[in-house]
Amino acid sequence: MKFQAIKGVRDILPPDSALWNRVEQAAREVFSTYGYGEIRLPIFESAELFARSVGIETDIVNKEIYLAVEPSLATHEKDRNQLLMENTEDAPNKDAARARIDFHIELTKAGVRSGAISQQDNELILQEFANLQKNGQLLAGADWVAYVRRAKDLLSKLCYLPQLSLRPEATASVVRAYIEHGMHTRPGNVKLYYMGPMFRGERPQKGRYRQFYQIGVELLGASDHPAIDAEVIEMLLAFFERIGLKGTALSINSIGDKQCRPKYVETLRAALREVKDKLGADSQRRIETNPLRVLDSKAPDERPIIEKLPRIAEHLCDGCRNHYAELKRQLALRGVSYTENWRLVRGLDYYMRTTFEVTATGLGSQDAVCGGGRYDGLVEQLGGPAGTKGIGFAIGTDRVILSLEHQAGDAKPPAAIEVYLAWMGAAAYPAAVALAQKMRRQGTAVELPAVEMRFGKSLNLADRLGAKYAVILGDDELASKQFTVKRLADGDQKKLSESDLLSYLLPRTQ
Ligand code: ATP
Ligand code: MG
């Protein structure tokens with residue numbers, strides 16, 4: 001049997017991984033200059049968290065979420081099913097059966113509390129169990145047969161199905177962590193960044209994977225001042241500049257708030273119903289489920305129809321209109337150029353007011369490298385302090401890397417090693433080990449062959465590995481304490497003492 005990675009999932013190998021590291025390192029550096037700290041989040045969470053935040057009507061939760069199996073729950077479910085089949089009505093099995101029923105009740109309570117198993121389905125059943133116990137039937141053991149029948153009936157309805165999911169995005173997790181750790185008591189705005197894999201069961205294609213990577217930022221706090229939004233966007237563009245990503249374009253929009261958006265959505269829905277026949281099946285369905293997403297449609301023949309639809313900008317309430325105007329002023333103040341795109345809506349339920357997207361080149365139709373926006377109600381919606389505001393973005397790292405590679409063309413990534421240390425003769429080996437240690441300590445990347453090779457073969461391998469230099473260490477070098485160093489690009493060769501060699505190879509900071 002030959003194993004292969006799952007469809008839509010990729011390995012990232014060296015030397016390509018070096019570019020990933022460089023991009024991630026740049027994010028750490030740039031974000032920290034704006035006062036952000038890294039949050040490391042779990043890869044899986046209770047499925048309910050995403051249903052409540054991202055929204056059940058979204059593709060992400062509706063179609064694309066990966067459910068994860070909780071191993072202990074699978075075992076317990078088996079035990080429960082077995083218990084249901086056993087004869088527990090006879091007196092000799094009474095105590096054991098009672099203990100097992102109790103165990104499953106306690107287990108379910110704990111599971112519901114921790115969010116590991118579904119709350120909605122189980123809470124009612126647990127309530128009925130509590131009533132059953134209160135009625136005294138269990139404690140008095142008065143009517144065992146009636147009790148055990150009723151208890152088994154309830155047990156059969158308990159839901160042990162896995163209710164964990166691999167995260168499709170991380171904003172929900174950040175907000176969950178913010179609430180769980182009472183981070184609102186920290187001084188000032190809470191500024192966090194994260195990086196790591198996300199999972200969505202989409203159709204794999206270039207720039208769209210089932211395990212993909214995001215670098216994201218969230219700012220949570222009491223204020224929704226547009227200067228905050230503008231600084232977040234400024235920081236995002238500073239990051240793209242730092243990694244040298246060219247051809248980026250920023251689009252912005254305001255999608256209103258709780259006050260004005262619902263009214264606009266109804267206006268839009270009414271207008272869409274009138275042109276329903278001219279739209280494709282996806283858009284037709286979205287008229288009812290999520291009309292804003294129709295604006296986002298990529299179908300070329302729908303474009304002229306969409307152009308004529310009512311626009312949110314004309315339906316913003318005063319609060320949102322002022323917020324948006326101030327955002328634009330704040331962006332201009334920071335020298336950030338943008339285009340306004342009234343069709344820009346985010347796919348997730350929780351966004352409001354400021355939304356933005358950055359596209360890059362060399363990516364074909366999957367050209368969005370970052371999406372972001374404000375989500376002022378989300379903290380409260382997930383049970384956190386009322387009035388907490390939030391804004392953030394998520395960068396699609398895979399696409400950023402693709403775009404950087406496209407930009408670099410055929411330019412080769414830098415080789416992993418700088419020096420190939422070719423040694424010959426048993427006496428030379430200990431000296432080579434010691435020299436390699438000294439070079440590595442000063443930051444030079446060294447390849448030290450484990451077994452002796454002829455110099456010709458060594459130099460050939462050094463060349464194929466992309467090494468910049470070969471250092472030669474044989475009996476002559478050992479006796480004279482002068483090492484031969486050869487620059488492989490042009491064959492330039494010198495003999496240097498150990499200390500001269502080390503400083504010759506010293507990594508230059510620029
Ligand atoms: P798209 O419209 O491209 O599907 P999205 O609106 O679903 O993007 P978000 O959920 O806002 O994307 O995620 C932010 C960024 O993450 C996107 O701009 C994109 O760069 C990246 N991204 C999203 N889904 C994928 C995926 N399946 N594979 C690779 N990158 C992705
Ligand atoms: Mg998507």
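Quantities reported herein were computed from a predicted structural model and do not represent experimental measurements. Whatever order the structure lists them in is the order used to number ligands and atoms, beginning at 1.
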Have a look at Arg399, Glu357, Lys206 and point out the one with the heavy atom closest to atom 19 (C) of ligand 1. Arg399
Could you work out, with side-chain hydrogen bond (donor to acceptor under 3.5 Å, both in side chains) as the rule, every residue matching Gln381, not counting sequence neighbours? none
Please assess Glu302 against Ser283 for the test side chain to side chain donor-acceptor pair (under 3.5 Å), listing each intermediate value before the final yes or no. CA-CA 9 Å; Glu302 293 184 356; Ser283 292; 2.8 Å; yes
Are the ring centres of Tyr193 and Tyr36 closer than 6.0 Å? no
Checking Arg167 against Phe199: charged group under 6.0 Å from the ring centre and within 45 degrees of the axis? no
If we only count N/O pairs under 3.5 Å, is Tyr209 in contact with ligand 1? yes
Using distance alone, determine whether Arg200 and ligand 1 share an N or O pair under 3.5 Å. yes
Considering only distance and modelled atom types, tabulate donor-acceptor pairs under 3.5 Å from the side chains of residues 229-237, sequence neighbours left out.
residue	atom	partner	partner atom	Å
Asp229	OD1	Arg374	NE	3.3
Asp229	OD1	Arg374	NH2	2.6
Asp229	OD2	Thr354	OG1	2.6
Asp229	OD2	Arg374	NE	3.0
Glu234	OE1	Arg334	NE	2.9
Glu234	OE2	Tyr34	OH	2.7

When you measure from the heavy atoms of Arg208 to every atom of ligand 1, does any distance fall below 4.0 Å? yes
Numbered atoms of ligand 1 (with element) below 4.0 Å of Val369, judged on heavy atoms: 18 (O), 20 (O)
Among Gly207, Ala368, Gly216, closest by any non-hydrogen atom to atom 20 (O) of ligand 1: Ala368
Ligand 1 to Cys370, heavy atom cutoff 4.0 Å, flagged ligand atoms 18 (O)
Are Gln366 and Gln205 linked by a side-chain donor-acceptor pair shorter than 3.5 Å? yes
Should the ring pair Phe239 and Phe31 be called parallel, tilted or perpendicular, given that the plane angle runs from 0 to 90° and is split at 30 and 60? tilted
Using a heavy-atom cut-off of under 4.0 Å, does the side chain or the backbone of Glu169 touch ligand 1, or both, or neither? neither
Distance under 4.0 Å to a non-hydrogen atom of Gly396: what atoms of ligand 1 satisfy this? 15 (C), 16 (O), 20 (O), 21 (C)
